[in-house]
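Both counts, for ligands and for their atoms, begin at 1 and track the order of listing. What you are looking at is a predicted structure, and each value in this text was computed from that prediction instead of being measured.
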Amino acid sequence: MSRSRLGPNRYGKAETHVVRVTRDGDVHHVRDLTVSVALSGAMEAVHLTGDNSSVLTTDTQKNTVFAFAREHGIDSPEAFGLLLARHFVGSQPSVHHARVAIEEHLWDRIGAGRHSFVRRGGETRTALVHHDEQATHVVSGIRDLVVLNSTDSEFWGYVKDEYTTLPETRDRILATEVTAQWRHASAEADWEGSYPEARRHLLDAFAGTYSLSLQQTLYAMGDRLLDGLPEVCEVRLSLPNRHHFAVDLEPFGLNNENEVFYAADRPYGLIEGAVVRDGAPDAGPAWS
Ligand SMILES: O=c1[nH]c(=O)c2[nH]c(=O)[nH]c2[nH]1
């Protein structure tokens with residue numbers, strides 16, 4: 001006689017990160033969701049006997065999220081969740097209940113930019129001071145500033161060796177989480193005024209640079225900050241490449257002209273570099 005029974009259970013694909021770009025001419029709109037699906041119903045057989053005949057795979061659930069983003073767009077997280085939940089319950093006799101939990105990541109336009117966005121909230125301002133009898137150093141900075149260009153980014157012409165599979169692209173999403181620090185040439189500056197200026201220059205350079213690589217964008221951002229703030233003598237940037245891969249929707253009879261993306265969280269490229277003003281004073285311990 002069995003001494004156990006199956007209690008409450010559910011299963012599904014957690015945290016499908018879908019980015020939907022809608023192109024209204026050259027004005028782009030972005031919806032960015034993390035979608036977690038959990039289904040429950042007549043699931044005794046799969047647990048007790050290994051019979052999978054009532055299982056809608058979590059992989060299929062993920063594909064449905066991407067396909068629905070393409071077919072129906074994302075008007076709101078609520079409407080998108082309703083669409084998915086009704087589909088899973090309505091199309092599968094074994095699925096009696098669908099739970100769809102959605103987190104929306106909010107983006108604001110950078111200035112009047114048509115395809116450039118900055119993630120709402122979340123950034124942190126930093127300051128690092130060193131002082132001794134010899135010298136004083138001040139480094140200001142920003143981190144967790146997440147930005148995205150939905151076009152004007154290409155990546156091609158790189159080395160191809162026997163391990164290269166990355167396809168060249170003439171149009172991709174370029175997104176990164178900016179960590180930037182800028183070293184002041186003197187310990188006297190308008191700290192409260194220069195921070196928003198520096199932030200603005202970083203954002204304007206990100207938005208305004210037609211990018212052939214994140215490395216090129218990095219240099220443009222550092223160079224722009226040096227241009228705009230004469231008292232700054234060096235900028236260091238750390239830019240993780242937040243890869244967005246266009247989802248292949250052809251198996252579902254749907255085209256995808258850079259409208260639906262899978263936002264991968266790891267691994268990620270990490271692009272780091274310094275942009276130094278000619279004649280910058282010695283950094284001493286400023287960065288340590
Ligand atoms: O802008 C990029 N720089 C790289 O060095 C690189 N490597 C890669 O796989 N993708 C990218 N993108």
Contact residues of ligand 1, where a non-hydrogen atom lies under 4.0 Å away: Phe155, Leu166, Arg172, Ser213, Leu214, Gln215, Asn241
Side chains of Trp287 and Glu234: donor-acceptor distance under 3.5 Å anywhere? yes
If you count the non-hydrogen atoms of other residues, nucleotides and ligands that lie under 6.0 Å from CZ in Phe252, is the total more than 12? yes
Cationic N near anionic O, under 4.0 Å, Arg23 to Glu257: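 Not counted as a salt bridge, because no side-chain N and carboxylate O are separated by less than 4.0 Å.
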Once the angle between the rings of His115 and His28 is folded into 0 to 90°, is it parallel (under 30°), tilted (30 to 60°) or perpendicular (over 60°)?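 Because their plane-to-plane angle lies in the 30° to 60° range, the rings of His115 and His28 count as tilted.
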Please work out whether the ring planes of Phe66 and Tyr262 are parallel, tilted or perpendicular, with thresholds of 30° and 60°.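 Perpendicular.
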Which pairs would a plain distance check flag for residues 86-101, meaning a side-chain donor or acceptor within less than 3.5 Å of a matching protein atom at least two apart in sequence or in another chain?
unit_1: Ser91; atom_1: OG; unit_2: His87; atom_2: O; d: 2.7
unit_1: Ser94; atom_1: OG; unit_2: Ser54; atom_2: O; d: 2.8
unit_1: His96; atom_1: NE2; unit_2: Pro93; atom_2: O; d: 3.2

